Structure formats: C-alpha cells, structure tokens
Amino acid sequence: PFQLIYVGQITENKGVVCLIDALLQLNDPMIGCWIVGGSQHTLKLEEALKDRIDHSGSKTKIEFLGFKADPRPYYAAADWHFAPSIYEEPLGNIVQEAKQMKTPSVVSNNGGLPELIEHEKDGFILNDVNTKELTLTIKNLYKIETDWRSMGDAAKASLQPKFSHQA
C-alpha cells in the first residue's frame, strides 16, 4: 500500500480536513494515511472526522493513532508526509522529523514550512490547500513510485547543510 502520514494537531487550520476529504474521494484500498496527533481539545473535530470516514463508504484506509511521543517509527514506515496547513504556520519540526527518517514531505505554500523543501527534489510544495489540489497531488505521487526513495534520500541529505553546526 501507498502509506501517507499526517502529524500534528487535528484542527481545520492544519489542513487535516481537506486531506481527509481528498483521501475519501480517492476511494482507493491501496492508499492509507495515519493521522498522528490530537489532544483533549480536538476531540470534537476528531470524532466528527471519524464519523465522516465511517459513513463515507470509501475504501481508503485512514487511521487515527492519537498522540505519539515519538512519531519517528511512523515517519520511517510512511512513503510521504503531508503538512497541508491552511494558515501561516511557523517553521515547525514536523518536516525536519520526516526528513530525518528519509520521508519526503508535501507542504502548503505558506508560513515557514516551504523554506524546508526544495520543490520536486526532496518534497513538494502545494500551490493551494484544498481537496481538489490534495487529491491530484496524491494521485500524482502514487504514479512516481520510482522517485520516492531518491526524494527521501535527498530529504535526509538536505538536513546536513541547513541544520548542522558545520554550516
């Protein structure tokens, strides 16, 4: 299966709702997505999203795993990391954590996250965050499977010059 991962708070401004809607529309049993994160403050939205998934009839496998103190094993097991924030998200650790595990990221084109991605080399930067754009992006990624490993290697390699003491 083609395994995606989202790590972060379960809020609308993080783009997780658009991501789930895109996954449901794809309706593909060969695609899975782990949703890692959430808190007691996001339970209402999480429950609404789980209900939407349960009633969708979609064959795409979406799993809510809850908060994980160490998400690295999930990053390592995923093919792609998604961070489709709708708001101007500051530079966060999620892309760096994914890169450390050789997992390329797809990020929105706002805030600090695009600064960590070299488009089409170690990840992708979305033009816009909406269900249509995410659906198309996931379909396109699925088609370029031969590039996943090299993009993951490039993601890991890109950490050294940007975030080492040698820089």
Side-chain angles (χ1 to χ4, degrees), residues 1-24 26 28-54 56 58-108 110-117 122-126 129 131 134 137-138 141-142 145 148-149 151-160 162-164:
F2 179 47
Q3 187 64 47
L4 310 178
I5 185 170
Y6 166 88
V7 178
Q9 284 297 326
I10 313 300
T11 62
E12 290 193 35
N13 64 354
K14 292 283 196 166
V16 71
V17 175
C18 288
L19 177 60
I20 288 173
D21 286 344
L23 291 163
L24 293 176
L26 287 165
D28 188 335
M30 294 305 294
I31 299 175
C33 185
W34 294 316
I35 308 294
V36 178
S39 71
Q40 64 183 5
H41 305 291
T42 62
L43 287 175
K44 187 175 180 179
L45 180 57
E46 288 176 54
E47 291 305 316
L49 291 171
K50 289 177 189 176
D51 190 52
R52 184 183 302 179
I53 293 164
D54 290 344
S56 72
S58 178
K59 294 179 178 111
T60 305
K61 187 164 176 66
I62 303 168
E63 297 178 82
F64 284 78
L65 303 179
F67 172 78
K68 300 292 180 190
D70 184 6
R72 288 178 299 175
Y74 298 96
Y75 283 120
D79 296 306
W80 283 89
H81 163 246
F82 273 72
S85 294
I86 294 170
Y87 79 113
E88 296 288 322
E89 183 160 344
L91 186 67
N93 292 331
I94 54 174
V95 172
Q96 294 170 62
E97 289 171 352
K99 284 182 174 217
Q100 184 179 29
M101 303 313 294
K102 294 187 174 184
T103 304
S105 295
V106 174
V107 302
S108 58
N110 57 46
L113 295 181
E115 295 178 28
L116 298 172
I117 301 293
D122 63 2
F124 286 91
I125 301 170
L126 297 165
V129 179
T131 302
L134 287 166
T137 299
I138 295 167
L141 291 177
Y142 194 59
E145 182 176 355
W148 298 349
R149 207 54 56 213
M151 291 182 90
D153 290 342
K156 172 87 175 186
S158 73
L159 282 175
Q160 200 57 22
K162 289 182 181 177
F163 299 103
S164 73

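In this chain, residues are counted from 1 in sequence order. Just so it is clear, the model here is predicted, and its values are computed rather than measured.
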Shortest non-hydrogen contact between [X] and [Y], atoms and distance:
| X | Y | value |
| --- | --- | --- |
| Gln96 | Leu159 | O-CD1, 3.8 Å |
| Ser158 | Lys99 | OG-NZ, 2.6 Å |
| Leu45 | Ile10 | CD2-O, 3.4 Å |
| Ser105 | Ala98 | OG-CB, 3.7 Å |
| Met101 | Arg72 | CG-O, 3.7 Å |

In Å and rounded to the nearest 0.5 Å, what is the [atom1] to [atom2] distance from [X] to [Y]?
| X | Y | atom1 | atom2 | answer |
| --- | --- | --- | --- | --- |
| Glu88 | Asn110 | CD | CG | 4.5 Å |
| Leu126 | Cys18 | CG | SG | 10.5 Å |
| Phe124 | Phe82 | CZ | CZ | 9.5 Å |

Taking the side chain as everything from C-beta on, heavy atoms only, tell me whether [X] gets closer than 4.5 Å to [Y].
| X | Y | answer |
| --- | --- | --- |
| Trp80 | Met151 | yes |
| Thr11 | His41 | no |
| Tyr74 | Val7 | no |
| Leu141 | Phe2 | yes |
| Asp28 | Ile138 | no |
| Pro1 | Lys61 | no |
| Leu23 | Ser58 | no |
| Ile62 | Tyr6 | no |

Return yes if some donor-acceptor pair links the side-chain N/O of Asp122 with the main-chain N/O of Ile117 below 3.5 Å, else return no.
no

So, Thr103 side chain and His81 main chain: donor-acceptor pair closer than 3.5 Å or not?
no

With side chain to side chain contact (heavy atoms under 4.5 Å, CB included) as the test, would you mind laying out the steps for Ile20 and Phe64 before giving the verdict?
CA-CA 11 Å; Ile20 288 173; Phe64 284 78; 3.7 Å; yes

Does CD in Glu12 sit with more than 12 non-hydrogen atoms of other residues, nucleotides or ligands closer than 6.0 Å?
no

Leu26/Tyr142 under side chain to side chain contact (heavy atoms under 4.5 Å, CB included): CA gap, chis, key distance, verdict:
CA-CA 11 Å; Leu26 287 165; Tyr142 194 59; over 6 Å; no

Please name the residue in the list Glu46, Lys44, Gln40 that meets the side chain to side chain donor-acceptor pair (under 3.5 Å) test with Thr42.
Glu46

